[in-house]
There are 2 protein chains.
Amino acid sequence: MSTRSRRSTEADVVAAQIRASGARATPARIRVLQLLRAAPAALTHHDIEQALGDAMLDRVTLYRVLDWLVESGLAHKNADASRVFRFSLAAPGEHTAHAHFRCDDCGKVYCLDDAPPPPPALPQGFQLARMDVDLRGRCATCAEARA
Amino acid sequence: MSTRSRRSTEADVVAAQIRASGARATPARIRVLQLLRAAPAALTHHDIEQALGDAMLDRVTLYRVLDWLVESGLAHKNADASRVFRFSLAAPGEHTAHAHFRCDDCGKVYCLDDAPPPPPALPQGFQLARMDVDLRGRCATCAEARA
DNA sequence: CAGCACCTGCAACATGGTTGCATGTGCAAC
DNA sequence: GTTGCACATGCAACCATGTTGCAGGTGCTG
Ligand SMILES: [Mn+2]
Ligand SMILES: [Mn+2]
Ligand SMILES: [Zn+2]
Ligand SMILES: [Zn+2]
């Protein structure tokens with residue numbers, strides 16, 4: 001089995017998922033959904049533009065694909081601490097349960113293996129749905145490069 | 001005691017607080033800090049511009065005053081649900097960052113008084129600069145309204 | 001393989017925030 | 001009081017992120 005046919009098979013699966021939601025399986029949607037599936041953490045519009053490389057879409061089209069993903073329930077959209085939207089697969093995400101570290105220099109996001117700290121106590125009657133722990137600073141590589 | 005002298009006294013208190021932090025007590029800083037002290041909830045840059053009225057500052061100066069307030073520990077800065085920064089008075093004597101809870105229903109942001117959890121361990125060589133702990137769910141008021 | 005609903009690309013716009021630089025001023029030293 | 005200068009301000013230009021309107025292209029269904 002060639003690399004090409006394997007890749008095409010994965011795209012077919014994604015395309016089927018899209019059609020199942022009642023929408024058209026366009027290259028833009030297939031590519032973006034594949035990226036979200038492979039992502040270790042929630043991605044920004046910018047992250048995705050970078051990742052698309054050659055298969056670059058128009059900026060606006062990407063915004064619309066992302067909005068469509070959210071509307072159709074395939075992705076979640078959250079504003080991060082620096083007020084940019086991040087998108088992640090709606091499927092029970094593996095990266096909801098741990099903390100993330102983002103390097104201020106290289107921008108890379110690391111999933112921290114350690115269990116996240118327990119949430120602080122909430123006032124009476126508050127219902128916790130989700131906790132995000134976002135650490136920022138310099139990764140080992142960038143820290144060393146500056147030493 | 002006239003209204004004028006009472007107001008001037010309050011400004012003096014604020015000015016003293018500013019000088020205590022080692023910075024210059026300028027009219028811009030005094031006025032903005034007074035507004036934050038009187039505010040019932042976190043204010044946006046825009047809210048403050050409106051409230052300043054006659055005593056309007058340059059847009060950029062206001063951004064810089066707000067950044068200075070945050071850097072000097074006198075205020076908190078958080079992105080609200082619609083990705084706009086909101087500023088609120090820091091609790092006196094509060095040094096470490098604390099966690100925030102945002103209600104998914106009403107959008108209100110609560111500063112949690114408890115100390116934030118300790119950051120999880122980082123891989124060797126990583127340098128931590130900041131930690132954001134963002135909790136989301138339903139606040140007591142909204143939770144009760146749904147019960 | 002034709003038609004149309006829906007998707008895409010481009011240009012223009014909106015908003016919130018930042019940077020560079022010349023000018024003004026709080027305040028500490030005299 | 002006056003003065004000096006580090007720091008604060010104002011202004012113009014810029015940037016980042018996201019949105020809207022519209023003309024033209026395309027996946028899908030029949
Ligand atoms: Mn993760
Ligand atoms: Mn706070
Ligand atoms: Zn790095
Ligand atoms: Zn609420």
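Each chain gets a letter, A, B and so on, in the order its sequence line appears, and its residues count up from 1. Small disclaimer: the values here were computed from a predicted structure and weren't measured.
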Scan the side chains in residues 134-147 of chain B for donor-acceptor partners under 3.5 Å anywhere in the protein, sequence neighbours excluded, and list what turns up.
{"from": "B:Arg138", "atom 1": "NE", "to": "B:Asp105", "atom 2": "OD2", "distance (Å)": "3.4"}
{"from": "B:Arg146", "atom 1": "NE", "to": "B:Asp105", "atom 2": "OD2", "distance (Å)": "3.2"}

Contacts of B:Arg86 that satisfy side-chain hydrogen bond (donor to acceptor under 3.5 Å, both in side chains) - sequence neighbours left out:
B:Asp47, B:Asp80
Closest heavy-atom contact between B:Arg29 and B:Ala23?
NH1-CB, 3.4 Å
Heavy-atom distance under 4.5 Å between the side chains of A:Leu74 and A:Leu89, does that happen here?
no
Holding to side-chain contact (heavy atoms from CB on, under 4.5 Å), I want the full list of residues that pass it with B:Ala79, two or more places apart in sequence or in another chain.
A:Arg83, B:Phe85
Every protein N/O within reach of nucleotides 27-30 of chain D N/O, cut-off under 3.5 Å:
{"from": "D:dG27", "atom 1": "N2", "to": "A:Arg24", "atom 2": "NH2", "distance (Å)": "3.4"}
{"from": "D:dC28", "atom 1": "OP1", "to": "A:Arg19", "atom 2": "NE", "distance (Å)": "3.0"}
{"from": "D:dC28", "atom 1": "OP1", "to": "A:Ala25", "atom 2": "N", "distance (Å)": "2.8"}
{"from": "D:dC28", "atom 1": "OP2", "to": "A:Arg19", "atom 2": "NH2", "distance (Å)": "3.4"}

When the distance from CG of A:Leu57 to P of D:dG25 is rounded to whole Å, what number comes out?
18 Å
Sorted by chain and residue number, the side-chain hydrogen bond (donor to acceptor under 3.5 Å, both in side chains) partners of A:Gln17 (sequence neighbours excluded) come out as A:Arg37
Measure from NE2 on A:His46 to P on D:dT17 and round the result to the nearest Å.
7 Å
For B:Asp58, which residues count as a side-chain contact (heavy atoms from CB on, under 4.5 Å) partner, sequence neighbours excluded?
B:Val60, B:Thr61
With DNA chain D as reference, determine whether B:Arg83 or B:Asp58 sits nearer its 5' end, using the nearest nucleotide of each.
B:Asp58
Show every salt bridge (Lys or Arg N to Asp or Glu O under 4.0 Å) that has at least one partner inside residues 59-78 of chain B, sequence neighbours left out.
B:Asp67-B:Lys77
Please tabulate the protein-to-nucleotide N/O contacts below 3.5 Å involving nucleotides 19-23 of chain D, giving atom names and distances.
{"from": "D:dG21", "atom 1": "O6", "to": "A:Arg64", "atom 2": "NH1", "distance (Å)": "3.4"}
{"from": "D:dG21", "atom 1": "O6", "to": "A:Arg64", "atom 2": "NH2", "distance (Å)": "3.2"}

4.5 Å side-chain heavy-atom contact, A:Leu35 and A:Leu52
yes
With hydrophobic residues grouped by side-chain heavy-atom distances under 4.5 Å, do A:Val133 and A:Val84 end up in a single group?
no
Closest nucleotide of DNA chain C for B:Phe87 versus for A:Val65: which of these residues is on the 5' side?
A:Val65
For B:Phe101, which residues count as a ring pair (Phe, Tyr, Trp, His ring centres under 6.0 Å) partner, sequence neighbours excluded?
A:Phe126
Bend angle of the helix from C:dC1-D:dG30 to C:dC30-D:dG1, end axes from five pairs each (to 10°)
30°
Mind calculating the distance between CD1 (A:Ile30) and C1' (D:dT26) to the nearest angstrom?
13 Å
side-chain hydrogen bond (donor to acceptor under 3.5 Å, both in side chains) against A:Ser21, all qualifying residues, sequence neighbours excluded:
none
First and last nucleotide of DNA chain C, 5' to 3', lying under 4.0 Å from heavy atoms of chain B
C:dG16 to C:dC27
Check whether any side-chain heavy atom of A:Leu43 lies under 4.5 Å from a side-chain heavy atom of A:Phe87, and answer yes or no.
no
